[in-house]
Protein chains: 4
Amino acid sequence: MLENLKEEVYKAHMNLWKNRLVMWTSGNVSGRDPKTDLVVIKPSGVSYDKLSPDNLVIVDLNGKIIEGQLRPSVDTTTHLYIYKHMPDVISVIHTHSIYASAFAAIGKPIPVCLTAMADFFGGDIPVGGLVLIGEEEIGKEIVRKIGNLKAIIMKNHGPFTIGKSVSEALKAAIFLEESARTLIMAKILGEPQSIPESIVNKLHKNYIEKYGQ
Amino acid sequence: MLENLKEEVYKAHMNLWKNRLVMWTSGNVSGRDPKTDLVVIKPSGVSYDKLSPDNLVIVDLNGKIIEGQLRPSVDTTTHLYIYKHMPDVISVIHTHSIYASAFAAIGKPIPVCLTAMADFFGGDIPVGGLVLIGEEEIGKEIVRKIGNLKAIIMKNHGPFTIGKSVSEALKAAIFLEESARTLIMAKILGEPQSIPESIVNKLHKNYIEKYGQ
Amino acid sequence: MLENLKEEVYKAHMNLWKNRLVMWTSGNVSGRDPKTDLVVIKPSGVSYDKLSPDNLVIVDLNGKIIEGQLRPSVDTTTHLYIYKHMPDVISVIHTHSIYASAFAAIGKPIPVCLTAMADFFGGDIPVGGLVLIGEEEIGKEIVRKIGNLKAIIMKNHGPFTIGKSVSEALKAAIFLEESARTLIMAKILGEPQSIPESIVNKLHKNYIEKYGQ
Amino acid sequence: MLENLKEEVYKAHMNLWKNRLVMWTSGNVSGRDPKTDLVVIKPSGVSYDKLSPDNLVIVDLNGKIIEGQLRPSVDTTTHLYIYKHMPDVISVIHTHSIYASAFAAIGKPIPVCLTAMADFFGGDIPVGGLVLIGEEEIGKEIVRKIGNLKAIIMKNHGPFTIGKSVSEALKAAIFLEESARTLIMAKILGEPQSIPESIVNKLHKNYIEKYGQ
């Protein structure tokens, strides 16, 4: 059941692990099947070296387990809230990646100081307030604050990214971490310079229209 | 003798090495067999590329060598003191991992500014004073200061973690390093925000009750 | 067609990827064939795990596709402008590598504080202004500001390096990143000390005359 | 000729490369054969992926090439000066490793703030002045300033380590880099605390007498 989606969600987990955005058991990826609204998600507390497409869990939008021997991620409620309230979203990724989580620890947004951020994100990465895990509160805060961005930093917690495909949410998670890391290193040297909004808009438009095949 | 425990202690050493929490010959893992109170520990000064389950040393709680051709780690006295005074502890891990040791160099505790720290540790990581190696003083200081945490930073020295299993002590060592790294990166940006104690307690309770399988 | 150059450009991409100077689809290498003035360059938006010598694109100096099924990099205009105005240049490399891009985010040059920088670069790495991507403006700014250096940092954007061979441009990209990283780490400790210009000149001359085989 | 020493020097180069203390062609290891006073050293400008025991160069203490098709490292004069003036030294290693070179860029010694530094080095890592490469001046400055330490940081340049074996010089290079990195990370948090000299001496004595097999 949903074998392709399971494979894709599994590979995204492995990609995060290989790029050291997640470790041990932390972080989770989910993917929504647009036809059935079923969601494939990581089982709770399973370490990355034991993860396989076969032990991923399938739940419906109410959190009912449809397939799988294991309990789904404790973040499942958050993923499902996003899917229920943002119908374009096909994938949600949550990590505790070091540099994005550093912004979470101080509770400030990541400003657009790099053309690559303007290209891909098109605006500052917003910060959501500290809300408790496992309740709908995190999902609500994300939906309320993420705007038309593909990423948000939850205060004291870490980043969530979304995408119209698993690949897009994964790219957002990786680019977010690289952007956060570059800006933290820049902060050692001085004050990172924001790109004027009019140029951010041009770069983002240009990227959407011309980048890729 | 104690082949399973040796295998587990060996794999934990390899995991630390792969994750770059230890290098060359530094750092050590031990595991206690609850039935016999025998302890499996790293031999002194053996580099990680030459370590195997077979050259680990077995000692009793008084430090007498029960099996093994090599001398045990110079930190053995510390490990044994902890086992003698904390009967729940099954594994002790000591590293000089970069980011946790950076906190050791300034001699300050690691504050809970991340929900992942609240979840797993449940409080600030304490700091123990500078005491000489190879004597019972380090063990005493750890037992005196670690409270109900799974990790402590010894001033000018580095982290020790403990667990009710080798896996738990290993997870503590890895999470400690990642938390320390995130907070050091956050400090470049501004002042990391501590999570209020009432929320730390809720998150920790929730994690113990609901996380994993 | 141009199989050797394609192989060389492909390997340079893989080298950047392995050394984590590029990720996902970002960054690009081109190489110019001095006999035909044809240029081999990365296709746009193709991820590094899917890149091969066969899907590189060959364009002429006006940007006309001579061989290849895919659209060339959105940075192609910049590469071609450099080739048209700097006849010695055989290779151009553009990355968003973390530490060089940190200098881009604050918009300041990288001072020569290391003998290795004096040896290889022979002067401070200059900064070019923020100009929009995909137009000749980036190429113009590079040609205007790079002087006789092998590298330049484009403000808010990232580094470009050039060379009389693919290997030289690649070495410049790697050395630039290592130099930037060292100086950012030095800045944490205090103020990096510039090497006096007369010594920089001697070191650079000595390197050109005596280094290598 | 000197096949074992060549193998050892080759492996040390590979170890530095794997641990990212050197890159591309930078850095060099030499080993002295105590019977013949011949020295095995890296050829100049050869990249690590092309290095082999067979292309290492053998020179005598006056720099005359005894075996090898390639020119020896431009740092050969420095290595030889050390061997001629410090008869106990069997191996010299020079790198531009990031964190030790960050101390070089600001020109300050690395204080003993970690017990691992007290154990292995036994004192602050000294700084030598900026002197030109390829002359005896670098060797003279090292011999003048290194005292009884196994490492020195040359201002604006990078670290040199020495040892009574290739393995000891290599361990010094790796421990130096890890110590420098830890202290730079500590500096982000506050002021690293030096260990009192009397304790440094005790730890160093204890390490020499009890550590290892």
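Keep in mind the model is a prediction, meaning the values are calculated, not measured. Below, read A as the first sequence line, B as the second, and so on, with proteins coming before strands; counting in each chain starts at 1. When reading the values below, keep in mind they use all heavy atoms of this one structure, side chains included, and skip hydrogens, waters and symmetry mates.
- Of the atoms belonging to D/K202, it is side-chain heavy atoms, and not backbone ones, that fall under 4.5 Å from chain B.
- For the set D/P192, D/G190, D/C113, D/S194, the entry with the most heavy-atom pairs within less than 4.5 Å of chain B is D/C113.
- For chain B, the nearby part of D/E191 is the backbone; its heavy atoms alone come within less than 4.5 Å.
- Within a 6.0 Å sphere centred on CD of B/Q69, heavy atoms belonging to other residues, nucleotides or ligands number 12 at most.
- For D/F175, the parts lying under 4.5 angstrom from a heavy atom of chain B are both the backbone and the side chain.
- No more than 12 heavy atoms of other residues, nucleotides or ligands lie within 6.0 Å of NZ in B/K11, so this atom counts as exposed by the packing criterion.
- To the nearest 0.5 Å, the span separating CE on B/M185 from CD1 on D/I188 amounts to 5.0 Å.
- In this structure, the portion of D/L183 lying under 4.5 Å from any heavy atom of chain B is its side chain and not its backbone.
- Rounded to the nearest 0.5 angstrom, B/S97 OG and D/E178 CD are separated by 10.0 Å.
- The shortest heavy-atom contact between B/S44 and D/G212 is OG-N, 2.8 Å.
- Note that the CG atom of D/D119 and the NE2 atom of B/H96 stand 7.0 Å from one another [nearest 0.5 Å].
- Inspection of the B/T25 and D/Y211 side chains reveals an N or O donor paired with an N or O acceptor under 3.5 Å.
- Contact annotation for D/I184: neither backbone nor side-chain heavy atoms come within less than 4.5 Å of a heavy atom of chain B.
- Residue D/E67 places its CD atom among more than 12 non-hydrogen atoms of other residues, nucleotides or ligands, all under 6.0 Å distant.
- Side-chain contact between B/M23 and D/I174: present, with at least one pair of heavy atoms (C-beta onward) separated by less than 4.5 Å.
- Atom CG of B/D37 is surrounded by more than 12 heavy atoms from other residues, nucleotides or ligands within 6.0 Å.
- Residue contact with chain D, scored on non-hydrogen atoms closer than 4.5 Å, is absent for B/M154.
- Here the side chains of D/I199 and B/N156 are not in contact, with every heavy-atom distance at 4.5 Å or above.
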- Item | CA sep, side-chain torsions, deciding dist, call: B/W24, D/S167, side-chain contact (heavy atoms from CB on, under 4.5 Å) | CA-CA 11 Å; B/W24 201 269; D/S167 173; 3.7 Å; yes

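- Contact annotation for B/I98: both backbone and side-chain heavy atoms come within less than 4.5 Å of a heavy atom of chain D.
- B/K155 places a side-chain heavy atom less than 4.5 Å from the side chain of D/Q193.
- The backbone N or O of B/R71 sits less than 3.5 Å from a side-chain atom of D/Q213, completing a donor-acceptor pair.
- In D/K108, the NZ atom is not crowded: 12 or fewer heavy atoms of neighbouring residues, nucleotides or ligands sit closer than 6.0 Å.
- Counting all heavy atoms, side chain and backbone alike, B/S101 lies closest to D/L114 at O-CD2, 3.9 Å.
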